[in-house]
Amino acid sequence: MKHRNPDKCVACSTCVVQCPVAEVTSKFLGPRMTGPASERFRLLNAGEDESLSYCANCKNCNISCPQGVDVANINMLARTRYSREHRPSFRDWILAHGELEADLVRFFPSSLVNFGMVNPLTKFVLDAIGISKKADLPTFARDQFPALFKSYRQPTLHKKVVFFPGCYIKAYAPETGIDLVWLLNRAGYNVIYPENFCCCGTPLYTNGFEKDARKNAAVNLLELKKWREEGIPVLSLCPSCQLMFRSEIPIYFPELAEELDGKTALDDAQEFILSCIEKGELPLAGAEQNKLDVMYHAPCHLRAQGIGMPGLELLKKLPGVHAVNADAGCCGISGSYGFKKEKYDIGMAVGSQLFRTIKDSGIEQVATDCGTCRVQIMHGTGHPVAHPLNILRRRLDTTRR
Amino acid sequence: MKHTTVVIIGGGATGIGILRDLSMRGVKAVLLEQGGIAAGASSRFHGLLHSGGRYAVKDNEAARECIEENTILRRIGRECVEESEGFFVLTREDDPSYEKIWVDSCEKAGISAAPLDVKDALRLEPNLDPDIRAVYRVPDSSVDGFRLVWHNAMSARRYGGEMLTHHQVIAIDQEGGRVKAVRARNLITGEEVCIACEMVVNAAGSWAAQIVRLVGLDVGVQPDRGTLIAFNHRFTSRIINRLHMSSDGDIFVPHGSITILGTTSFKADRPDDHHVPPEDVLRLLDIGEVLFPQLRSYRILRAFAGTRPLYISNGSAAGRAASRGFHISDHSEEGLEGMLSIFGGKFTTYRLMAEKLCDLLCSKLGVTAKCRTALEPLIADPSPEVLEKARKVFPVHGAELAANRLGDAFPTVVERAEAMKENTLLCECEMVSRAEIEFVANDPASTSLTDVRLRTRLGMGTCQGTFCSLRTIGTLTECGVSFPISPAENLRGFLQERWKGLRPALWGIQAREMELGRAVYAATLNLDGAKHEQEK
């Protein structure tokens, strides 16, 4: 694996100021130090500092760098190089392989599984392996997305789109996926869900399981290529999955990205819905008009893509909805980072500004596009947190009023 | 008046090497250096510990000396030498008929030069031009010039050797055709010292002719300016030489966190002619691109120059063609007893030069002790216990780096770091921590931030002083380290020295870096004196 060229960094330290982790703990030396500055020493095999494990990979360094340095990716590549020689912990294996675990538990009643997860004994065991007992882990849905989708009846429609759900929607929030299917059907699109699609690899890669992440990327890209060739758009709702496909796969697995001429990005499902609204395919005229205030949180991995905030735009288009951008930084969860015992307090400190902003606003309803952000905000504020598409469907679907 | 047996003039590799050698033989000696330790050519070169491959064809004797000394220095100076190995690469532009001549010459000099499949070479050094034709591995190494000289100085101190830095020799007193004493001025305090002695050794490198002139004699030392470029990162893990007749811009040396490319060769008018014309930099890039096609995309940290003290005897060649061998002059042949001068040579053979000179000097003094400099390591390896402790108090990749830099002083600095609440990095680009900087700044040999830089690498990385210099001067002022110059003067001098290296290569990302530095120091801190304008 080639090292990243650290030359573009001018050491201005903008990333250090913008890094939510460095802001709250000195255990992390900051993106500039663990990124380009250390990369110069990695080139002379000077060893690795523990500080690297404190990078949350939230990408705020990449977003803020005026010189265009992909700081977080330098860190992730370094972590991977380190993991080749130092096996990641059992705890990290557990957190990285959520999809596999979801596959295993789907045969058991979710209530039982979830009770198994939240009871004090399990918490004690999880805490012992390094998952904080203070954290609220996401709970498994009663029926996972593949099962729900299979039993969902779509009307006969000619226009087609493909949906890449990602593991969060698959195991924890299948309703959001179904809401998307409902909305797309209403806009005149039949939705295809290819069961070959697997976890995008973000939790695997960030926790040091490079080989597993590569395997997943290979499977996903093969499937993506197939639909590309058919000319059918592949939509995703998860900002982290999108980021993985758009900008990480080409860096982590360049040889795989080459197969698609580097065009590995998925389409954003909410952007697609917005275009449906603009084209008149999805009229909002019949929508519920009640006044609703929504506080929107833009996930870091959405901002890192530079595609704007389609979720917020959607909310703003809804009659009666008054949506404001919380604009209060990172929520602190960063996928599985905030669940880790030694990082839980850091994650909560990072999110505190967002939590305060929400609580002080007097707005009850929160919306965000990312599943784990949702878990963290509920944990930090006690407020209800929805996906923008949940709200969209709720206001359009007369059967649900 | 001080008394000693030998006064050595010049605190470069040769002078300090002589001080160590004499001190180990039990001969009392005092060294005078007009600047800081290793301020001349000993710190202004590639940082290449030659295998001798470069000289094999032209000067087989010098090549043989190189490989012998190379082997010795790898043993006695482990902390200063990176065992990086070297490639000699035949490019599409090099004469293929030279290959065999070179291989034969290496064999004759005893230099191992093993052919390597081009494909394997490219796997080891992927940034090399894929169109190269042949590759040989040689035992070249990178060597840290500052550090090697400092470690020699530490060893010399242990044996009682004495050094006076920032002391410029102003006169050499004679009596009845013999040297009697050396007078020098402290360039910082202005005080004069007079040191009575039996012998004087002139090891002033490019300044040697000036020293000889003090006693009314003349010698053929021709300073020859060579320009070098320091790049921001290691794009090669090995030393890369062109396999052709030695020429400009044909050596790349990875050196700690950076890569150095050099050099040019121009006759210099003055021994301190360190100016760098931008044309030199552009020319080096043109030549260097043949080995590394992406060279222009790598960021230049700075360009700098040094002067080689070439020895020109009557009618011999100059510049690139001049001999890299060394020469010892016994001035008694010209009627002055008690003074020896040493000229020419190169960094790799500094120890041998010192040995030969000391042999002659000792025979004159009637000292029979033998040279032991090749037997004993310059400094003792840090103990595993101290290293273990250090890893707890030095940030990031810093512990080993600091151990190598500090040598004898390492355990003391570790203790200092342990006593601190937090041993923060003052220089993040080169990973230099507060404990180390405070310690070095407190050494009487440090008279400015620049002296601290030379020993620690403070300010020698990516930001070239933009962030660390202010932080450091603040820290040192706060903890009561006083320099002979004011903090503002100190900062100004330090930054000007850094900026001097940036100016000849002021484009691309480095220009952005410089603008950031100017914004901090000139605009925000008003260090460039606009204050006086406002007062008018």
Side-chain angles (χ1 to χ4, degrees), chain A residues 1-17 19 22 25-55 61 64-71 74-75 77-79 81-82 85-86 254-255, chain B residues 82 84 126-127 142 231-237 254-259 294 296-301 387 391-392 394-402 404 421-422 424-425 427-431 459-468 471 508-517 519-520:
Chain A
M1 181 192 300
K2 265 188 86 170
H3 285 266
R4 303 295 282 170
N5 180 339
D7 283 354
K8 275 200 288 181
C9 172
V10 297
C12 70
S13 302
T14 304
C15 60
V16 182
V17 177
C19 172
T25 176
S26 62
K27 284 182 181 156
F28 185 49
L29 289 161
R32 156 171 145 60
M33 274 304 293
T34 49
S38 293
E39 196 71 358
R40 295 174 70 237
F41 289 87
R42 290 185 189 114
L43 285 163
L44 81 120
N45 299 319
E48 200 51 79
D49 190 81
E50 206 210 331
S51 169
L52 178 64
S53 76
Y54 282 88
C55 170
C61 42
S64 63
C65 178
Q67 310 296 338
V69 181
D70 54 346
V71 189
I74 294 179
N75 290 349
L77 288 163
R79 198 179 280 176
R81 231 176 277 119
Y82 182 81
E85 280 153 36
H86 305 80
E255 67 290 348
Chain B
E82 267 180 59
S84 25
N127 293 322
S142 312
F231 292 88
N232 181 51
H233 78 278
R234 275 171 92 100
F235 47 82
T236 168
S237 305
H255 202 293
S257 54
I258 64 172
T259 308
Q294 297 299 310
R296 276 191 154 78
S297 74
Y298 305 145
R299 168 175 174 183
I300 295 177
L301 270 187
L387 261 178
R391 287 198 190 95
K392 296 197 181 87
F394 283 86
V396 205
H397 318 278
E400 272 81 4
L401 294 173
N404 288 346
K421 204 167 127 251
E422 199 177 6
T424 46
L425 286 176
C427 170
E428 296 183 329
C429 305
E430 288 297 314
M431 315 249 172
M460 293 178 78
T462 304
C463 87
Q464 289 287 301
T466 297
F467 288 87
C468 52
R471 212 181 271 156
I509 302 162
Q510 206 51 36
R512 297 185 196 175
E513 186 79 71
M514 175 92 166
E515 275 306 293
L516 187 63
V520 173

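Residue numbers start from 1 in every chain, and the chains themselves are labelled A, B, ... in the order their sequence lines are given, proteins ahead of strands. All of these numbers come straight from a predicted model, not from anything done at the bench.
With a 4.5 Å cut-off on side-chain heavy atoms, B:Tyr298 and A:Asn5 count as touching.
Put simply, CG on A:Leu43 and OG1 on B:Thr259 are 8.5 Å apart, with the number rounded to the nearest 0.5 Å. A distance of 9.5 Å separates CD in B:Glu428 from OG in A:Ser38, rounded to the nearest 0.5 Å. To the nearest 0.5 Å, the span separating CG on A:Leu44 from CD1 on B:Ile258 amounts to 11.0 Å. Between B:His233 atom NE2 and A:Arg42 atom CZ the span is 14.0 Å, to the nearest 0.5 Å.
Using a 4.5 Å cut-off between heavy atoms, A:Gln67 contacts chain B through both its backbone and its side chain. Heavy atoms closer than 4.5 Å to chain A are found in the backbone of B:Ser297, but not in its side chain. With a 4.5 angstrom heavy-atom cutoff, B:Phe467 touches chain A only via side-chain atoms. Interface residue B:Ile509: backbone and side-chain heavy atoms are both found under 4.5 Å from chain A.
Side chain of B:Arg299 to main chain of A:Pro6: no donor-acceptor pair is present (N/O by atom type, distance under 3.5 Å, no hydrogens or angles).
Considering only residues two or more places apart in sequence or on other chains, B:Arg391 meets the salt bridge (Lys or Arg N to Asp or Glu O under 4.0 Å) condition with B:Glu388, B:Glu400. Evaluation of the salt bridge (Lys or Arg N to Asp or Glu O under 4.0 Å) rule for B:Glu430 yields A:Arg40, B:Arg457 as partners, not counting sequence neighbours.
For A:Glu50, the CD atom is loosely surrounded, since the number of other residues' heavy atoms within 6.0 Å does not exceed 12.
B:Cys429 and A:Phe41 get closest at one heavy-atom pair: O-CE1, 3.0 Å.
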